[in-house]
There are 2 protein chains.
Amino acid sequence: MEERLDTAEGKRGRITIHDVAAAAGISISTASKALNDTGRMGLETRERVKRIAAEIGYRPNALARGLLSKRSFTIGLLTNDTYGRFTLPVMAGISDALVDHGVSVFLCAIEEDPALGQIHVEAMLDKQVDGIIATGKRLDRRLPIDLSNLNVPVVYAFTEGAPGTVTFRSDDAQGAQLAVEWLAKLGRKRIVHVTGPESFFSVRERADAYCRVAGEERPVLFGVWSESWGHEAVAKLWSGSGEKPDGIFCGNDQIARGVIDALRERGIRVPQDVSVVGFDNWEIVAAQTRPPLTTVDMELKELGRQAGLTVLALAEGRPVEPGIRKLPCRLVVRQSCGGDTPRI
Amino acid sequence: MEERLDTAEGKRGRITIHDVAAAAGISISTASKALNDTGRMGLETRERVKRIAAEIGYRPNALARGLLSKRSFTIGLLTNDTYGRFTLPVMAGISDALVDHGVSVFLCAIEEDPALGQIHVEAMLDKQVDGIIATGKRLDRRLPIDLSNLNVPVVYAFTEGAPGTVTFRSDDAQGAQLAVEWLAKLGRKRIVHVTGPESFFSVRERADAYCRVAGEERPVLFGVWSESWGHEAVAKLWSGSGEKPDGIFCGNDQIARGVIDALRERGIRVPQDVSVVGFDNWEIVAAQTRPPLTTVDMELKELGRQAGLTVLALAEGRPVEPGIRKLPCRLVVRQSCGGDTPRI
DNA sequence: GTCAAGTGGGAAAAGGTTTTCTCACTAATA
DNA sequence: TATTAGTGAGAAAACCTTTTCCCACTTGAC
């Protein structure tokens, strides 16, 4: 018995459906139909074929299948986020959503190089990807390559998309609101916002939401995305003679880190004297600050998951309404604000 | 002219070699041979075909080609490094090396889940990947899945491989030597080593090299991979009554960051009083410390590049000698040690 | 005993490409 | 003139599946 199977496998190369058919003593069409639960045949035949296929370790060749079905069960993920801080969670979400559907993901990091982008896109199209997801490190910038006239569906995630397409992004206004409301709920009255360059769309969006919730007159300090700007901002805030803040909403976790360090250096206690909230929930920063940082998570993994399901829907011809979908952020409570809400 | 081309394209779906043949008034075999520079034909015919193919935007279908050639021009990258700190540079190197050869990369993040790993490996095999590169976050741990009996070549990068295979890793001993020699060259005499858990192979390897260069009697403090351990270690070192160190070689950049912060809090100047070297060159940490961190770079991108070229060689049947290849590290000089060497 | 309907299964085409073989024709040689 | 050698190009097979169509056979009804 075993020997017969070995002989069947003994043929050169991979096991094909021919081997299954031969081992079961039937034709390849019947074998195919048995394995795919299509066509008509005796239940007993069907199950025998399945059993034999499993025994000899048959796995269908996706290339041949794709050639016929015009579906490769493959999608491309294009990113210009070299460092991968945003891309990786998105990628994880996509992969997570699609692995059940047998879809694999090509990852192409194209930096800011249009030529490289072109090469990767062409390679993906040659490989008949069912769709492409474009992602980046900035909501208000496009990838350095035009994806609008491809004959495969394109979905944008965390990067600016073309008109008439689907774009997923985080709801930064809602995230900012979450942060400021949390500070307010903890009784903080003199809240300030220390954030990145005003040229970033999401900076403006977060700042606007902050003003809406905290009050128009509350100060916003624009700067750069670095710890040192956090230090500097604290120096600025504490240099004047006026009232000092008791809550600081930071534009990202790195700034928050700088702020917290600067406060500690001044002997100001976090969270007793001042509460600090970050943005991004970049674990590696947020969890290592002292105290660990309460921060806003953009749910990038969920964003990736939805982008994955959407590109799949488009690939299968299901209708999807174009537009920008804003996904809600989530507040991750650690210890930089005080408050007694249990850790999430 | 344009209209004729449009009509040619007007057929349903993608442009195939049939369209090229039709447009050129020749058979598909001749078209194929013309485009691939094989077979015999008039030079003029060959060039005309190429020109027409370019004009109508023909691109060969990689699925069909792969079906026949048994090469999919696709490889799989398997990683359990969720955060991507090590995987991303490796990925960038692989992609960089292979894009010229028309090879695309499937990225599969499998966490520590063997079942998920199995699913991804099977999906990759179904898609006829030409090879697999396994990478991880730890040199001395295997991925949670056995890749030894696949009928595609497997190369290991920054993770422990199976016997008889090719494994690429960084030369941690050489990297540690680089760091300690640099401290010595700057005149530091009382060097200590603050590092991660002794259970890590690379920790032991770096520590051994450190002892060899700095002297057997120099102290090694094992701990964990975190900033807070860096703080703690400084507290330990400065709590005793003995001579204080003037050079600290840290097991990674996060520890170094903690060490530098702790030193500053004690009013000890870096680099004037104490020089600090890190390990990993994790830009986001190393560049944000104050002062910026001199650290050892493991050249992961180069490692990825070599892994990519190796798996390609194996896929093409070129012989590759099995074994462990250690790639040299590089010292990245910033400002945490002093010294007048220009920034690299 | 004929017809219709239903059932189990196979033959063949299709998908796009590459490769091997074969053929027709020309030019050069014997 | 008859043979050879060389040249340009096409037909067909192969890669592995899926799917459509068809065939042979059985059963039940008339």
Side-chain angles (χ1 to χ4, degrees), chain A residues 8-9 11-50 52-53 56-73 102 125-130 151, chain B residues 8-9 11-50 52-53 56-74 102 125-128 130 151:
Chain A
E9 288 182 31
K11 294 178 62 175
R12 199 62 50 238
R14 272 181 67 105
I15 299 158
T16 76
I17 199 168
H18 287 88
D19 301 320
V20 177
I26 52 163
S27 73
I28 55 165
S29 12
T30 304
S32 173
K33 283 181 292 193
L35 297 172
N36 292 301
D37 279 330
T38 60
R40 288 182 323 211
M41 73 186 51
L43 181 59
E44 168 238 13
T45 309
R46 199 181 287 280
E47 301 207 319
R48 190 167 53 90
V49 174
K50 285 184 179 174
I52 291 181
I56 68 178
Y58 167 72
R59 313 221 82 225
N61 181 326
L63 262 46
R65 181 180 271 177
L67 189 55
L68 204 50
S69 67
K70 299 185 173 307
R71 284 282 319 272
S72 64
F73 290 90
L125 293 177
D126 289 354
K127 283 162 187 140
Q128 311 289 117
V129 288
D130 296 334
N151 53 2
Chain B
E9 286 182 32
K11 295 178 60 174
R12 197 63 49 239
R14 273 181 67 104
I15 299 157
T16 76
I17 199 168
H18 287 89
D19 300 320
V20 177
I26 53 165
S27 73
I28 56 165
S29 13
T30 304
S32 173
K33 284 182 291 194
L35 296 171
N36 293 300
D37 279 329
T38 59
R40 286 180 328 209
M41 74 187 51
L43 181 60
E44 170 240 13
T45 308
R46 198 181 289 280
E47 302 206 317
R48 189 168 53 91
V49 175
K50 285 184 179 173
I52 292 180
I56 67 177
Y58 167 71
R59 312 221 84 223
N61 181 325
L63 263 45
R65 182 180 270 175
L67 188 56
L68 203 49
S69 67
K70 298 179 174 307
R71 284 283 317 276
S72 64
F73 289 90
T74 282
L125 293 177
D126 288 353
K127 284 165 186 136
Q128 313 287 116
D130 296 334
N151 54 2

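Proteins get letters first, then strands, A, B, ... in listed order; numbering begins at 1 in each.
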Rounded to the nearest Å, what distance is computed from the CG atom of residue B:Asp37 to the P atom of nucleotide D:dG8? 15 Å
What is the distance, rounded to the nearest whole Å, between atom CZ of B:Arg59 and atom C1' of C:dT17? 15 Å
For a quick check, with a 4.0 angstrom heavy-atom cut-off, what is the B/S/- contact string for nucleotides 4-13 of chain C, read 5' to 3'? ---BBBBBB-
Just the rounded figure in Å: distance from P of D:dA11 to NE2 of B:His18. 11 Å
Have A:Ser27 and A:Thr30 got a donor and an acceptor in their side chains that come within less than 3.5 Å? yes
Atom NZ of A:Lys70 to atom P of C:dG16: distance rounded to whole Å? 4 Å
Roughly how many Å is it from CZ in A:Arg65 to C1' in D:dT19, rounded to a whole number? 13 Å
Nearest-Å distance for atom pair CG/C1', residues A:Leu67 and C:dT18: 13 Å
Any salt bridge linking B:Arg46 with B:Asp37? Criterion: basic side-chain nitrogen under 4.0 Å from a carboxylate oxygen. yes
Using whole Å, what does the distance between atom P of nucleotide C:dT17 and atom CD1 of B:Ile17 come to? 6 Å
At under 4.0 Å, does any side-chain N or O of B:Ser32 touch on OP1 or OP2 of C:dT18? yes
For C:dT18 and B:Asn36 - does any side-chain N or O of the residue sit under 4.0 Å from the phosphate oxygens OP1/OP2? yes
Which angle, rounded to 10°, do you find between the first-five-pair axis and the last-five-pair axis of the helix from C:dG1-D:dC30 to C:dA30-D:dT1? 80°
Can you check the A:Leu35 CG to D:dT19 P distance for me, whole Å? 12 Å
